[in-house]
Amino acid sequence: MGGALSVQFGAALAVLLIPRAGALGVVTLRLTLAALVLLLVCRPRVRGYSRSDWGTVVAFGAAMGGMNVCIYQAIDRIPLGAAVTLEVLGPLALSVVASRRLLSLVWAGLALAGVVLLSGGGFDRLDPVGAGFALAAGALWATYIVFSARTGRRFPQADGLALAMAVGAVLSLPLGLAEAGTRLAVPSTLALGLAVALLSSVLPYTLELIALRRIPAGTFAVLMSLEPAVAALAGFLVLRQALSATDAAAIALVIAASIGAVRSRTRPRPTTGD
């Protein structure tokens with residue numbers, strides 16, 4: 001929960017930074033500064049890996065960079081809670097597909113009902129471009145999860161994460177420089193960018209790593225499903241983005257669908273004994 005609070009309040013802080021550096025500039029600051037911190041702390045070795053290993057970490061970094069670009073473009077256009085609710089559909093779809101159970105279709109339908117309720121029946125209440133970016137971020141989040149697991153198996157400790165963050169930073173750098181230019185070097189902007197990097201990347205990833213060593217993966221996934229609610233809370237407290245009763249109900253439906261899908265996937269199958 002500490003990781004969820006950190007990443008979503010970091011996202012709320014990023015919204016305040018967007019007028020100074022632009023959405024792409026904020027992505028560049030977040031990834032570049034987080035990469036520098038992780039590289040200094042982890043000091044990953046770069047020799048001894050195969051071409052396949054590097055392909056995996058590059059794909060992980062590209063998914064990370066693309067996910068960040070899309071979600072920051074989304075929260076620049078639609079409320080934070082709505083953006084994260086749409087984004088979480090990516091991991092939910094991945095969980096439903098991996099489950100291969102009929103019950104998973106029920107959870108998918110429940111999530112779809114939440115999205116329709118959130119959009120007012122056709123995304124007419126939400127900026128369609130912002131909603132599209134949020135859905136794209138969800139697809140990239142699912143990709144991120146797949147390559148995160150593969151990277152974790154191929155690289156020791158957090159070395160793979162540090163290298164992937166560096167890849168994402170390099171890919172985002174031209175976009176950030178094109179949009180913000182020298183504004184990225186303003187000391188106050190750099191300070192806020194470092195705060196976003198620590199809150200949205202370094203601290204939550206560290207807390208999640210610690211959590212996964214102490215609680216089952218299924219329990220962790222259920223807790224991560226609460227992120228839309230945490231995002232809505234951060235949007236309300238930091239950005240004064242109020243939620244209507246309909247918005248709250250829509251977010252609750254998506255959270256319930258996420259929890260149900262994860263529990264269906266992680267529940268042990270019945271076995272026969274002697």
Side-chain angles (χ1 to χ4, degrees), residues 1-19 23 67 70-96 103-142 196 199-200 204 218-265:
M1 288 306 298
L5 286 167
S6 180
V7 73
Q8 298 307 334
F9 276 88
L13 181 61
V15 174
L16 299 177
L17 184 57
I18 284 175
M67 177 180 67
C70 288
I71 194 58
Y72 279 110
Q73 291 288 343
I75 63 178
D76 190 30
R77 293 171 170 84
I78 61 177
L80 180 60
V84 176
T85 300
L86 293 173
E87 184 190 26
V88 83
L89 294 180
L92 171 61
L94 180 63
S95 182
V96 168
L103 183 60
S104 296
L105 296 179
V106 175
W107 304 125
L110 190 63
L112 181 61
V115 170
V116 171
L117 192 61
L118 183 68
S119 67
F123 291 118
D124 51 340
R125 280 200 314 118
L126 297 176
D127 180 281
V129 176
F133 272 120
L135 290 172
L140 287 164
W141 192 359
V196 170
L199 284 172
S200 295
T219 303
F220 175 82
V222 170
L223 291 172
M224 292 296 288
S225 299
L226 301 178
E227 287 217 10
V230 178
L233 176 64
F236 174 73
L237 293 178
V238 179
L239 306 173
R240 299 294 185 264
Q241 295 175 344
L243 283 177
S244 67
T246 302
D247 293 334
I251 291 173
L253 284 174
V254 175
I255 291 172
S258 299
I259 293 173
V262 169
R263 287 179 62 84
S264 296
R265 183 181 176 186

Which heavy atom in [X] sits nearest to a heavy atom in [Y], and how many Å separate them?
| X | Y | value |
| --- | --- | --- |
| Ala74 | Ala134 | CB-N, 3.7 Å |
| Met1 | Val230 | CE-CG2, 4.3 Å |
| Ala23 | Gln73 | CB-NE2, 4.0 Å |
| Val7 | Ser200 | CG2-O, 3.4 Å |
| Ala136 | Cys70 | CB-SG, 3.9 Å |
| Asp127 | Arg77 | OD1-CD, 3.8 Å |

Determine whether Leu86 and Ile78 make a side-chain contact, defined as any pair of heavy atoms from C-beta on separated by less than 4.5 Å.
yes
Between Ile75 and Val84, is there a side-chain heavy-atom distance shorter than 4.5 Å?
no
Approximate separation, where rounding is to 0.5 Å, of Phe133 CZ and Leu140 CG:
11.0 Å
Using modelled atom types and a 3.5 Å cut-off, is there a donor and acceptor pairing between side-chain atoms of Ser6 and backbone atoms of Gly2?
no
Check whether any side-chain N or O of Glu87 sits under 3.5 Å from a backbone N or O of Ile71 as a donor-acceptor pair, and report yes or no.
no
Please name the residue in the list Val15, Val196, Leu17 that meets the side chain to side chain contact (heavy atoms under 4.5 Å, CB included) test with Tyr72.
Val196
